[in-house]
Amino acid sequence: MGDKGGSTSLLCLTASSGVPLFCRSRGAPSQHQLPFSVIGSLNGVHMFGANLDVLLTAACTASTRLAWRVFHNSITLIVLSSEEAASDFALGRLLDNAFSAMVLILGLEELVNVRNIERLKKDLRACYKLIDSFLAPLERSGDLTQCVECVSLPHGAALQECLEAFAGAAESRFGCLVAGGRLALATEPWWQLAPQELLLLTWLMGSLPPHAARDYPIYLPHGSPTVPHRLLTCQLLPGLEACLLCGPSPALHTVETELVPRFWKPLLELLQACVSPRPHSLPHGATLPPGVLAFLLINREQRSSLSSVQPPGSGGEGLSPQGRAGALRHFYALVTAHYFPWEGSPAPLQESFPAGFLHPARHCYVVSATHKAYAIHAPQHQLFLLLAPHVPTFALRPLAARALQCLTGDAAS
């Protein structure tokens, strides 16, 4: 969510009785803990509406925006944010991500059939780091786009072949390489996981402290919400991990001591090239036009994304990296909620001018004192650009079309 001028708090309660299960806040928890009276009021107004067959989903005051969501008639999540860039779209995504994070770690059964509230409170502590990562100031965008964030690696073909063999030897069809918290390579079955599962798995690995190897039980919120799988991770180099989704076998010790040396040690030089210099999100050989400060490219079919708030050649002009990230996130939420089709459905018309047009918007731009922004909705991709304020407004469309072609090889439509 990430604006310096405000805070965001997430409340979790039981839907039937309104018993608080946890409260997580952006920043130091002691600075943003909500009084019990406030928590009770926020839940009470939602329950009062439900008793009158009124579904309360969002509200706003002069300084705060709020959203409510009930999941499986069991868990109520409430988020309130005083951040300048907060929107119904962004808060709704935060609620979805938080509940899916709880399912990922605890499983759906424990959340739907609450037998012991005190035990559930204790178990939910295992979700805090992942949930807090969605509340933290972000230079990333996967939590908003619901697309797994990817990174480009050199020597991809050789590493992909090794990954396939490594996963096969571990009796798994699901394997990937994660570099710097972003997906670098994956087997085809891994790509067939639900988009939110791809996102959650990479964010989970980023939220865990560094470790040479892990054997972590997880549930797939869409594919297997009640039957756990094992997430095995092995650190190949600092910032580069090989990951597998497995059943009861193999043992982590076998993977760490036998399979990793057999498959990955011969490729040590190629792996070192993946982390030094630091991998970036530009495809090999791509060069963005001058004036681009940040970009977000979404592959609509694969539900993956490439992004950077410091692409090569952007320099230090204009906004800071944190400022670029916040502006790009705000622009994405604005455009997706108002103008561009989202997940195959037309966006609801929230302004009067589109009425009467037979086609949805394909291009959108914003001009401000600190930057300009342009978005393209193409058949296979969506591109969101943040540009320096000196770029002429009349040049935004051709510049964005060039950027899209540089990143994908396709012309904008």
Is the closest side-chain donor-acceptor distance between Ser100 and Gln196 under 3.5 Å? yes

Aromatic ring pairing Tyr365/Tyr374, orientation class (parallel under 30°, perpendicular over 60°, tilted between): parallel

Heavy-atom distance under 4.5 Å between the side chains of Leu271 and Leu240, does that happen here? yes

Would you say that Leu11 contacts Val79 through its side chain, given a criterion of any heavy-atom pair below 4.5 Å between the two side chains? no

For the residue pair Phe340 and His377, does the interplanar ring angle fall in the parallel (under 30°), tilted (30 to 60°) or perpendicular (over 60°) class? tilted

Please determine whether the number of non-hydrogen atoms from other residues, nucleotides or ligands lying under 6.0 Å from atom NE2 of His155 exceeds 12. yes

If you define the side chain from C-beta out and look only at heavy atoms, does anything of His72 sit under 4.5 Å from Leu108? yes

His222 side chain to Glu197 side chain, donor-acceptor N/O pair below 3.5 angstrom: no

In terms of side-chain heavy atoms, does Thr408 have a donor or acceptor partner in Gln380 at a distance below 3.5 Å? no

Do the non-hydrogen side-chain atoms of Leu111 and Phe71 ever get within less than 4.5 Å of each other? no

Whether Ser207 side chain and Leu204 backbone form a donor-acceptor pair below 3.5 Å: yes

Can you find a pair of side-chain heavy atoms, one from Leu183 and one from Leu177, that are under 4.5 Å apart? no

Under 3.5 Å side-chain donor-acceptor pair for Thr8 and Glu83: yes

Answer yes if the side chains of Asp96 and Gln146 hold a donor-acceptor pair under 3.5 Å, and no otherwise. no

Is it true that Arg214 and Glu241 make a salt bridge, defined as a side-chain N closer than 4.0 Å to a carboxylate O? yes

Thr336 versus Phe89: any side-chain heavy-atom pair under 4.5 Å? yes

